[in-house]
Amino acid sequence: MGRGDLTDAQWARLEPHLPKNVGRGGRWKCHRKVINGILFRQRTGIPWRDLPTRFGKWKTCHDRHRRWSADGTWENVLRAVQTDADAEERIDWSMVGIDSTTCRAHQHAAGARRRPPRIPRKRILPAQHRPDEALSRSRGGLTTKIHLAADGGCRPLAVLITPGQGGDAPQLIPVLERVRVRRPGGGPPRTRPDHLSGGKAYSSRRNRRYLRRRRIKHTIPEPRNQRANRQHRGSRGGRPTGFDKSLYKRRNEVERTINALKGFRAVATRFDKRAYIFHGTVTVAAIRLWLRS
């Protein structure tokens, strides 16, 4: 076993949720070796063609990662791993934090074809496809933004990819809508945390109204300009928003989750041309964080 490869315990957790060979001939030979190759590229950020030969053909690793990013396999594996963790009571629902981080895009990440990609043999668009490829230009060049919700154990519950110049407040609802942890005994998945924390960027009437409607307690500071506008309107501005400084200290948990994700060089710097492939790259990094003890 090489450095960074899946341990036997991690593989035992992951293997039951991977696609099985169906039909004659066998479509896949060895998942473990290929996934170790994908994780090696995640950790080092090297080009696919430079993968060591111990992982087999580089194209096999690349094609499997691209295919599983397109058909939602990585998303299904992430939710299955989260379900196992919830069954073992390893998910800290007491405080879920939401935040975002900007990733610089390498020059090789630009120049994708204008023609939309298609899933092989299905002729449909990938689930996470974006026409803008989640790229935008800033002063430093092309950037992509990762929005995520993390539990109290510093592990991602949901991930969303947008262009780097996009705001944070409009993405709070889409990120929370992606939190869906299935229950082992059946029934509707769990989608509501006990408490939610976020920065000033997520303070808006629309977001607070959404959280109240779903009965989610939240700790989001109110920016100075919003506070002044509310006070200027008098009684029409509504009541002051509640804020607990002691609970807000736990916001560092989501920031530590971002730090752990950016420990993967292929996440800290985007090399993938297509948005759905980069979304799969971030999802694989999230799966690796959930597999850690």
Side-chain angles (χ1 to χ4, degrees), residues 34-35 37-52 55 57-75 78 99-120 122-148 156 158-171 174-175 178 201 257-289:
V34 174
I35 292 177
I38 295 173
L39 291 174
F40 184 87
R41 185 258 179 181
Q42 297 272 97
R43 182 171 56 86
T44 60
I46 64 173
W48 288 103
R49 293 177 181 270
D50 295 337
L51 275 178
F55 300 117
K57 296 181 179 179
W58 68 267
K59 189 169 177 55
T60 301
C61 298
H62 170 267
D63 288 350
R64 196 165 304 181
H65 176 61
R66 176 180 56 82
R67 186 183 297 271
W68 286 3
S69 299
D71 61 13
T73 299
W74 288 130
E75 284 284 329
L78 176 61
D99 205 349
S100 68
T101 181
T102 302
C103 301
R104 294 289 295 273
H106 194 269
Q107 59 183 354
H108 295 164
R113 295 182 179 179
R114 295 180 179 271
R115 185 174 57 187
R118 302 287 179 178
I119 298 179
K122 294 185 179 180
R123 297 184 179 181
I124 58 176
L125 291 175
Q128 304 298 331
H129 171 66
R130 293 181 61 99
D132 55 11
E133 298 299 347
L135 280 175
S136 64
R137 188 171 297 277
S138 61
R139 290 185 179 180
L142 296 175
T143 56
T144 295
K145 184 172 285 188
I146 302 175
H147 306 265
L148 76 154
V159 175
L160 179 65
I161 308 297
T162 63
Q165 292 297 316
D168 290 347
Q171 305 304 328
V175 171
R178 289 171 176 256
T257 306
I258 292 175
N259 188 37
L261 281 177
K262 285 199 166 183
F264 298 88
R265 293 173 182 263
V267 175
T269 302
R270 173 178 170 176
F271 300 101
D272 303 310
K273 289 182 182 296
R274 295 292 188 181
Y276 75 92
I277 298 180
F278 183 66
H279 184 277
T281 299
V282 180
T283 304
V284 172
I287 293 173
R288 186 59 188 269
L289 295 182

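Predicted model only: the values in this text are computed from it and were never measured. We number each residue from 1, following the sequence as shown.
Atom OG1 of Thr283 is separated from atom CD of Glu75 by 4.5 Å, given to the nearest 0.5 angstrom. Rounding to the nearest 0.5 angstrom, the gap separating the CD atom in Gln171 from the CG atom in Leu160 is 5.5 Å. To the nearest 0.5 angstrom, His129 atom NE2 is 8.5 Å from Arg118 atom CZ. One distance of note links NZ of Lys57 with CG of Asp63; it measures 11.0 Å at 0.5 Å rounding. In this structure, Arg67 CZ and Arg64 CZ are separated by 9.5 Å, a value rounded to the nearest 0.5 Å. Here the CG-CZ distance, from Asp71 to Arg66, works out to 10.5 Å after rounding to the nearest 0.5 Å.
By the 4.5 Å heavy-atom criterion applied to side chains, Val175 and Leu148 are not counted as neighbours. Looking only at side-chain heavy atoms (C-beta outward), Gln128 and Arg274 stay at 4.5 Å or farther from each other. With a 4.5 Å cut-off on side-chain heavy atoms, Arg130 and Tyr276 do not count as touching. Inter-residue side-chain proximity for His147 and Asp168 is flagged as met; some heavy-atom pair is nearer than 4.5 Å. The closest side-chain heavy-atom distance from Arg104 to Thr143 is below 4.5 Å. Counting heavy atoms from C-beta on, the side chains of Ile38 and Trp68 never come closer than 4.5 Å. The closest side-chain heavy-atom distance from Ile146 to Phe278 is below 4.5 Å. Considering only heavy atoms from C-beta on, Leu39 stays 4.5 Å or farther from Phe55 through its side chain.
With Lys145 contributing its side chain and Gln165 its backbone, the two residues share no donor-acceptor pair below 3.5 Å. With hydrogens and angles disregarded, no donor-acceptor distance shorter than 3.5 Å links the side chain of Gln42 to the backbone of Ala266.
Screening residues 39-52 for salt bridge (Lys or Arg N to Asp or Glu O under 4.0 Å) gives Arg41-Asp272 as the qualifying pairs, with residues at least two apart or on separate chains.
For the pairing with Phe264, the side chain to side chain contact (heavy atoms under 4.5 Å, CB included) check across Val284, Thr44, Leu289, Thr281 returns one residue only, Leu289.
Of all non-hydrogen atoms in Val267 and Leu261, the two that sit nearest each other are CB-O, 3.6 Å. The two atoms that bring Ser100 and Ile258 nearest to each other are O-CD1, 3.8 Å, heavy atoms only. Closest non-hydrogen pair, Arg265 versus Phe271, comes out as O-CE1, 3.8 Å. Closest approach of His65 and Ser69 over heavy atoms only: O-OG, 2.7 Å. Looking at every heavy atom in both residues, Gly164 comes nearest to Ser136 through N-OG, 2.9 Å. The minimum heavy-atom distance linking Thr144 with Ala134 is given by the pair OG1-O, 2.7 Å.
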